[in-house]
Amino acid sequence: MRKLKQILKKPVCVLLAICLLWGLSLPYFILTKVDQRSIGVAADNRQRENRKVWLETSKTQDVMKIFVQFVDDLLNAVETDNDVSASPRFKGYKEDIKALQEKMEAEKVKGQMKDEMIKELRADKVQLRQEVTRLEELLKLQLQKEEKKEKVESEDEILEDKNCPLPPLDGFPECKGKIKWMKDMWQTDPCYSSYGVNGSLCSFLIYLSEAESWCPVLPGRVVPPVIEEDVLEDAAVRGHFEGLHQFLHNKTEFRWIQQRIKSMEEIWLEAGRSLSAKYNLGDRKAKQVLVHPGVLTKEAGLKIAENAFSGGPLGELVQWSDLISSLHVLGHHLHLSASLPSLNKFFGTQTGGCPSRHSLVEPNLIYTDIIGLRQIQKVLKTSWIKYKCIIRVLDSFGTEPDFNHADWANKFNLKSPFGGLSLTPMQFYTMFPHTPDNTFLGFVVQHQLSLEENEKLKSIQRKNQALIYGKSATFWKGKKSYLDVIHKYLDIHGTVDNGTLIPNYVTNHGIIKGTEVQTLLRQSKVFVGLSFPYEGPAPLEALANGCAFLNPRLKPPHSSLNTEFFKGKPTIREVTSQHPYAEEIGEPYVWMVDMDNQTDVERAITAILNRTIQPYLPYEFTCEGMLQRVNVLIEKQDLCSPAMSWPPLSALQVVKAEAGTSCKQACRRAGLICEPAFFPYLNNANNLASHNIACQTSEFSDGHLVFPAYDSTREHCLFQSDSLLYSCVRSEHSLNRICPCRDYIKDQVALCKACL
């Protein structure tokens, strides 16, 4: 011990002691770390970790051997040599210690990396377990979903009541869905019980076929028609407007309409007498007719009625005015509505979602527009379906079948605030005969005046002047160069709301009455189109007054695909000029021009000035022509019966179109027009065979709008399974369309020659 104390007095010996203590603790430290890393390792990795422990322990034994040898040598050096620092053996061990320290630091870092790797592997293992659990849950949910779907599909087959067998559902595609809805929901409203619904299939079918019209009437049951004394009256052509004027008096929504009716009263009455003399109008029954122009209601917020006297659009008001006049002259009972309260009053108090039992009258026909139809649906709720087939929707620019079909429009993203009504396309009544899938209602061009006004106009001489078609100064924007060319030949007059925005050489008369516009047209030689507004009444009024119309071409054609005005409208019809109907009339009445081509404009103006143009108006736009058309549509067009009865089948002419050609195009090339009422007849292999179209094979599908069609490579016929998808206007490059065409009366295209 004395010797040890002497040794420890030397500084180097202190270092030796520290090293000795560190050396003694090192094996314990290493073994402890190795043991800690082995704890928590999964059983399947335990053998691998034990091997690592053995390797770590072997390394520790090597280190200890070096350290023990170093201590022995150091003690010998201290005991035998006073000059410890000079010992070459000591210097060698110093270098060994430094190398050993570096090696230990590296082993420490390596151990930390191993620890981190183990932690990551453990985290990955936990995450993998969570993912497996999640996938197992998803698989379980999918299996449950498939089981539920199979259950729903099996429930689609409605179990028949022994006392009430399910009738054939042809022509009633929504019947099954309504039966399932009634099964779950009939107890949610007491009104269903008041109609006799008691939870049985039979009660569902009776309600859905008799109270509403979703399903076919059960065999043996007869639905008694609602008999109104008024309906049984004979319809006599009226010789006055007294009753109508009394109703319209002080009704602000109809103020402009009443003014127009009064200004044309004599013409309408004379047209009624003339038509009666030509055709037998005695064998008719007076219909109860609801007329509800939604655009005029305050709820719509469009202010069309208010703006009519200050330059607002008049096209729709003209059509409503002329429809009301026609219905009155033809002897029908009119019920006019222009508000939601008036609709509620007409249909009576509603009881939940059931049809009303308290309508003032049972309408035979309902004329409205798209806004008005939405309002009727809001008032009647689901029971509006009872009236669905008697509704006629005034629709200026038309609705094409793919936009009308709610499911199809949704599937192919044909977004339109006016589409998705799922009516029969022929229920849409248009201003002009541009969409053959719809029905042409039209309007009357006001060219005939009272005797007094006619006498005044006789003295008017035609002047070297042009009248511009455009009440809004915004229509004139960017047209000055075009007008400058015309001004070289003619004085220019306008009826513009803001004279400060038009060329200073224009004589502006401001917003004036219709009779004053006719005076200007009688004075003018040319009525000049500015490319907008589209398809209005004014160009036909110009022709009726002997004034030629300058009709701007639209290149490329305008449609909902490229023109802001048409966006949202339920059609992709291409408008090739400002007025396509007038374009069909052609020269010498209508002259097509390129507004940006000075030579083209000068050619048309020169030709017009070198000839005298007589007044011209197609019969279909006269009062008598409209009375004839409206009368035939009321008496003949039955959209409630599944059996086609009009037009007569004798008018059908079958045309097999070239591949890629629509029926509208194919019929037109044959001098005919497409008649969609004949599509169901052609949607049959036997009927096609009678027209020399042999179907070796055939199939039904609702996958396209061109059916019925013919694949000539296979002699294969494709038939339409969804009657709302019949279309005159669509084509397919690989198929030949089978087209239902018919002839037409000149200047009365809505009617075939055998239709009267």
Side-chain angles (χ1 to χ4, degrees), residues 188-189 191 211-213 226 228 244 246-258 261 287-308 312-317 319-321 323-324 327-328 332-396 399 404 406 416-423 427-429 441 568 570:
T188 61
D189 196 315
C191 73
E212 301 188 22
S213 305
V226 178
E228 297 287 342
L244 183 59
Q246 288 175 1
F247 179 84
L248 294 174
H249 185 63
N250 291 331
K251 290 194 167 47
T252 56
E253 299 93 344
F254 292 97
R255 191 158 64 97
W256 190 93
I257 288 175
Q258 184 177 27
I261 291 172
K287 305 290 193 297
Q288 297 287 353
V289 182
L290 171 64
V291 176
H292 179 71
V295 293
L296 299 185
T297 61
K298 290 181 180 178
E299 292 86 352
L302 300 177
K303 297 185 177 181
I304 287 180
E306 294 90 330
N307 296 332
L314 300 178
E316 290 172 306
L317 292 176
Q319 192 175 37
W320 280 113
S321 170
L323 173 63
I324 291 170
L327 294 169
H328 176 82
H332 299 293
H333 300 291
L334 288 179
H335 305 272
L336 301 181
S337 164
S339 69
L340 289 181
S342 65
L343 272 182
N344 274 304
K345 182 179 179 182
F346 177 82
F347 287 111
T349 304
Q350 299 302 298
T351 308
C354 297
S356 167
R357 294 176 182 266
H358 310 288
S359 295
L360 294 178
V361 295
E362 192 69 15
N364 304 108
L365 277 174
I366 298 173
Y367 291 93
T368 186
D369 49 28
I370 292 174
I371 292 173
L373 177 58
R374 303 282 192 201
Q375 293 172 340
I376 290 171
Q377 290 172 329
K378 182 178 181 180
V379 166
L380 294 178
K381 301 181 174 63
T382 58
S383 63
W384 80 275
I385 194 69
K386 174 181 178 181
Y387 304 99
K388 183 176 181 179
C389 66
I390 64 171
I391 291 173
R392 306 291 183 263
V393 179
L394 273 63
D395 181 18
S396 298
T399 295
N404 168 62
S416 170
F418 308 109
L421 296 176
S422 294
L423 300 176
Q427 290 179 258
F428 296 98
Y429 277 32
L441 173 63

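This is a predicted model, so every value here is computed, not measured.
- Side chains of I385 and K388 form a contact here, defined as non-hydrogen atoms less than 4.5 Å apart.
- You'll find the side chain of I324 reaches within 4.5 Å of the side chain of F254, heavy atoms only.
- Evaluation of the side chain to side chain contact (heavy atoms under 4.5 Å, CB included) rule for A308 yields W256, L314, L317 as partners, not counting sequence neighbours.
- At least one side-chain heavy atom of I391 sits under 4.5 Å from a side-chain heavy atom of T368.
- When I304, V295, L336 are each tested for a side-chain contact (heavy atoms from CB on, under 4.5 Å) with W320, only one passes: V295.
- Partners of E253 according to the side-chain hydrogen bond (donor to acceptor under 3.5 Å, both in side chains) rule, which considers only residues two or more places apart in sequence or in another chain, do not exist here.
- Side-chain atoms of I370 and D395, non-hydrogen and from C-beta on, do get closer than 4.5 Å to each other.
- A pairwise comparison of heavy atoms in Q288 and H335 identifies OE1-NE2, 2.6 Å as the closest pair.
- Using modelled atom types and a 3.5 Å distance limit, the side chains of H292 and S337 yield a donor-acceptor pair.
- The backbone N or O of G568 lies less than 3.5 Å from a partner atom in the side chain of S416, making a donor-acceptor pair.
- Taking 4.5 Å as the limit, some side-chain heavy atom of E362 sits within range of a side-chain heavy atom of K386.
- Minimum heavy-atom separation, A406 to S422: N-OG, 3.2 Å.
- In this structure, A300 and I371 approach most closely via the heavy-atom pair CB-CG2, 4.0 Å.
- Between L327 and L365, every side-chain heavy-atom pair lies at or beyond the 4.5 Å cut-off.
- Rounded to the nearest 0.5 angstrom, T297 OG1 and Q375 CD are separated by 4.0 Å.
- A search for side chain to side chain contact (heavy atoms under 4.5 Å, CB included) contacts involving Q377 returns L373, R374, W384, not counting sequence neighbours.
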Full working for side-chain contact (heavy atoms from CB on, under 4.5 Å) between L334 and L244: CA-CA 8 Å; L334 288 179; L244 183 59; 4.2 Å; yes
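- Residues passing the side chain to side chain contact (heavy atoms under 4.5 Å, CB included) test with P341 are E299, S339, sequence neighbours excluded.
- In this view, N404 and T399, L421, L423, P425, F428 satisfy the side chain to side chain contact (heavy atoms under 4.5 Å, CB included) rule, not counting sequence neighbours.
- Between Y429 and Y367, the angle of the ring planes goes over 60°, which puts this pair in the perpendicular group of the 30/60° scheme.
- Partners of H328 according to the side-chain hydrogen bond (donor to acceptor under 3.5 Å, both in side chains) rule, which considers only residues two or more places apart in sequence or in another chain, do not exist here.
- A distance of 11.0 Å separates CG in L290 from CG in N364, rounded to the nearest 0.5 Å.
- The backbone N or O of L394 sits nowhere less than 3.5 Å from a side-chain atom of E316 that would complete a donor-acceptor pair.
- Within a 6.0 Å radius of NZ in K251, more than 12 heavy atoms belonging to other residues, nucleotides or ligands are found.
- The two residues D369 and P293 have their closest heavy-atom pair at OD2-C, 3.7 Å.
- Across all non-hydrogen atoms, the minimal contact from I257 to L296 is CD1-CD1, 3.8 Å.
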